[in-house]
A.B. asks: 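Questions regarding the structure given below will be posed in turn.
In what follows, every heavy atom counts, from backbone to side chain, and hydrogens, waters and symmetry copies are set aside. These figures come from a predicted structure and were not determined experimentally. Numbers here are sequence positions counted from 1.
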Amino acid sequence: MHTACRRALPREARGVQRRASPMAIAVVVLLAQSFFGGLPIDGISCDRTEGAVEHIHVSLQLYDRGRAVKVPAEIGMPQGADCLYWIHTHTADGFIHIEAPVKRSFDLGEFFDIWGPNLSVTQAASVVAPSGKRLSIWVDGKPWHGSNPRKIVFHDHQTIVIQNGPPFATPSHPDWSKF
């Protein structure tokens with residue numbers, strides 16, 4: 001084949017395979033979620049109504065150098081889709097609602113998968129630990145020393161605090177009276 005013709009062909013047509021970058025895959029998934037609305041994530045459906053079999057509330061508090069980072073309202077409520085995921089937020093107060101039609105365990109990793117940003121021992125959304133350090137994670141007032149915060153299983157009236165510091169903030173005490 002003539003060299004000029006070969007350059008005009010796409011790489012795939014010349015036998016060179018390309019892999020999609022993780023960022024490209026994430027963009028495609030987010031566009032699909034927006035366009036098609038409510039595709040299952042981690043086996044969690046987006047239904048027209050809240051489920052009534054499992055009903056749990058968790059408080060997630062994020063802090064970056066002593067300053068609160070909001071957990072957005074309406075996570076798990078895709079725009080344009082008439083549905084909500086079993087794990088979602090209503091308001092920007094950090095309260096996560098688990099309202100599912102099935103009895104099973106749910107975890108912090110599933111919430112972040114529905115929300116979208118990264119979660120690891122060094123990053124939780126926009127809260128990022130300095131190089132070589134870990135985020136400070138507390139569950140119900142006790143230090144959490146695990147290797148993967150995605151595996152933190154939700155329990156009713158649980159408080160999860162994730163911080164990058166110093167300085168460290170004094171976490172708020174959730175008002176569970178409304179749940």
A.B. asks: Are any side-chain N or O atoms of T89 and backbone N or O atoms of I75, one a donor and one an acceptor, separated by less than 3.5 Å?
C.D. replies: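 Yes: the side chain of T89 pairs with the backbone of I75.
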A.B. asks: Report yes or no: does D42 contribute a side-chain atom to a donor-acceptor pair with the main-chain N or O of I44 at less than 3.5 Å?
C.D. replies: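 It does not hold such a pair.
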A.B. asks: First locate atom NE2 of H157, then atom CZ of F95, and finally report the distance between them rounded to the nearest 0.5 Å.
C.D. replies: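 Here the rounded value is 8.5 Å.
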A.B. asks: NE2 of H55 to CD1 of I98: how many Å apart, nearest 0.5 Å?
C.D. replies: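 Going from NE2 on H55 over to CD1 on I98, the span is 8.5 Å.
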A.B. asks: Decide if atom NZ of K142 counts as having more than 12 heavy atoms of other residues, nucleotides or ligands within a radius under 6.0 Å.
C.D. replies: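 Count not over threshold, so no.
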A.B. asks: With the 4.5 Å side-chain cut-off for hydrophobic clustering, are V121 and I152 part of the same group?
C.D. replies: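 They do share one cluster, since a chain of ILVMFWY contacts under 4.5 Å joins V121 to I152.
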A.B. asks: Is a side-chain donor or acceptor of S136 paired with a backbone partner of Q163 at a separation under 3.5 angstrom?
C.D. replies: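 Judged by distance alone, no pair lies under 3.5 Å.
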A.B. asks: Verify side-chain contact (heavy atoms from CB on, under 4.5 Å) between E99 and H57, making sure each step is shown before the conclusion.
C.D. replies: CA-CA 9 Å; E99 294 155 332; H57 297 96; 3.9 Å; yes
A.B. asks: Which heavy atom in C46 sits nearest to a heavy atom in P78, and how many Å separate them?
C.D. replies: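 It is SG-CD, 3.8 Å.
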A.B. asks: For residues D93 and T91, is any side-chain donor paired with an opposing acceptor at under 3.5 Å?
C.D. replies: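 Yes, T91 and D93 have a side-chain donor paired with an acceptor closer than 3.5 Å.
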A.B. asks: Parallel, tilted or perpendicular: which describes the rings of F106 and W86, with under 30° parallel and over 60° perpendicular?
C.D. replies: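 Geometry flag for W86 against F106: perpendicular rings.
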A.B. asks: Spell out, as yes or no, whether a donor-acceptor pair under 3.5 Å connects the side chain of E50 to the backbone of A52.
C.D. replies: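 Pair absent, no side-chain N/O of E50 close to backbone of A52.
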A.B. asks: Out of curiosity, does L60 fall in the hydrophobic cluster containing L84 (side-chain heavy atoms, cut-off under 4.5 Å, transitive links)?
C.D. replies: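 Hydrophobic grouping puts L84 apart from L60.
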A.B. asks: Working to the nearest 0.5 angstrom, can you tell me the gap between I87 CD1 and H97 NE2?
C.D. replies: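 Answer for the CD1-NE2 pair, I87 versus H97, is 12.5 Å.
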A.B. asks: For the side chain of Q158 and the backbone of V139, is there at least one donor-acceptor N/O pair under 3.5 Å apart?
C.D. replies: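 Judged by distance alone, no pair lies under 3.5 Å.
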A.B. asks: Answer yes or no: is there a side-chain heavy-atom contact under 4.5 Å between N164 and V128?
C.D. replies: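 Contact flag for N164/V128 side chains = no.
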A.B. asks: Hey, any chance L135 and W144 share a hydrophobic cluster, counting ILVMFWY side chains that come within less than 4.5 Å of each other, even indirectly?
C.D. replies: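 Yes; W144 is reachable from L135 via cluster members.
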A.B. asks: Would you call the rings of H88 and H90 parallel, tilted or perpendicular, taking 30° and 60° as the class edges?
C.D. replies: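 Perpendicular, since the angle between the ring planes exceeds 60°.
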A.B. asks: I want to check something: taking the side chain as every heavy atom from C-beta on, are P117 and S126 in contact at a cut-off of under 4.5 Å?
C.D. replies: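 No. Closest side-chain heavy atoms not under 4.5 Å.
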A.B. asks: Evaluate the criterion salt bridge (charged side-chain N to carboxylate O under 4.0 Å, His left out) for residue pair D82 and R48; output intermediate values, then yes/no.
C.D. replies: CA-CA 6 Å; D82 190 21; R48 292 197 181 283; 2.7 Å; yes
A.B. asks: Closest approach of L62 and A124, non-hydrogen atoms and distance?
C.D. replies: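 Distance-wise, the nearest heavy atoms are CD2-CB, 4.2 Å.
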A.B. asks: Do P167 and R65 make a side-chain contact, defined as non-hydrogen atoms from C-beta onward lying under 4.5 Å apart?
C.D. replies: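 Yes; the side chains approach each other to less than 4.5 Å.
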A.B. asks: Decide whether I162 and V69 are clustered together by the hydrophobic rule: side chain heavy atoms of Ile, Leu, Val, Met, Phe, Trp, Tyr closer than 4.5 Å, transitively.
C.D. replies: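 Same cluster: I162 reaches V69 through Ile, Leu, Val, Met, Phe, Trp or Tyr contacts under 4.5 Å.
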A.B. asks: Are the side chains of R67 and V127 in touch, meaning some heavy atoms are under 4.5 Å apart?
C.D. replies: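 With C-beta onward as the side chain, the pair stays apart.
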A.B. asks: List the steps, then state whether side-chain contact (heavy atoms from CB on, under 4.5 Å) holds for R150 with D113.
C.D. replies: CA-CA 9 Å; R150 298 179 54 78; D113 288 346; 2.8 Å; yes
A.B. asks: If you round to the nearest 0.5 Å, how far is CD1 of I160 from CD1 of I96?
C.D. replies: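 The CD1 atom of I160 is 6.0 Å from CD1 of I96, to the nearest 0.5 Å.
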A.B. asks: Identify the two heavy atoms, one from A129 and one from R134, that lie closest to each other, and give their separation to 0.1 Å.
C.D. replies: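 Answer, listing the atom of A129 first, then R134: CB-C, 3.8 Å.
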A.B. asks: Check whether D140 reaches the backbone of T159 with its side chain - one donor and one acceptor, N or O, closer than 3.5 Å.
C.D. replies: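 Here the side-chain-to-backbone pair exists.
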A.B. asks: If you take the centroid of each ring, where Trp contributes its six-membered ring, are Y63 and F168 closer together than 6.0 Å?
C.D. replies: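 No; Y63 has its ring centre 6.0 Å or more from that of F168.
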A.B. asks: Could you tell me the separation between the CH2 atom of W115 and the CD1 atom of I41, rounded to the nearest 0.5 Å?
C.D. replies: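 CD1 of I41 is found 14.0 Å from CH2 of W115.
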A.B. asks: Let me see the working for E110 and K151 under salt bridge (charged side-chain N to carboxylate O under 4.0 Å, His left out), right down to the final yes or no.
C.D. replies: CA-CA 9 Å; E110 292 167 326; K151 301 293 183 194; over 6 Å; no
A.B. asks: With a 4.5 Å cut-off on side-chain heavy atoms, are S45 and Y85 touching?
C.D. replies: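 With C-beta onward as the side chain, the pair stays apart.
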A.B. asks: Kindly compute the distance separating CD1 (I137) from CG (L108), expressed to the nearest 0.5 Å.
C.D. replies: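 I137 CD1 to L108 CG: 8.0 Å, rounded to 0.5 Å.
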A.B. asks: Among the clusters formed by ILVMFWY side chains lying less than 4.5 Å apart, do V153 and V102 turn up in the same one?
C.D. replies: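 No.
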A.B. asks: Quick check: does any side chain N or O of D47 sit under 3.5 Å from a backbone N or O of T49, one acting as donor and the other as acceptor?
C.D. replies: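 Between the backbone of T49 and the side chain of D47 there is no qualifying donor-acceptor contact (under 3.5 Å).
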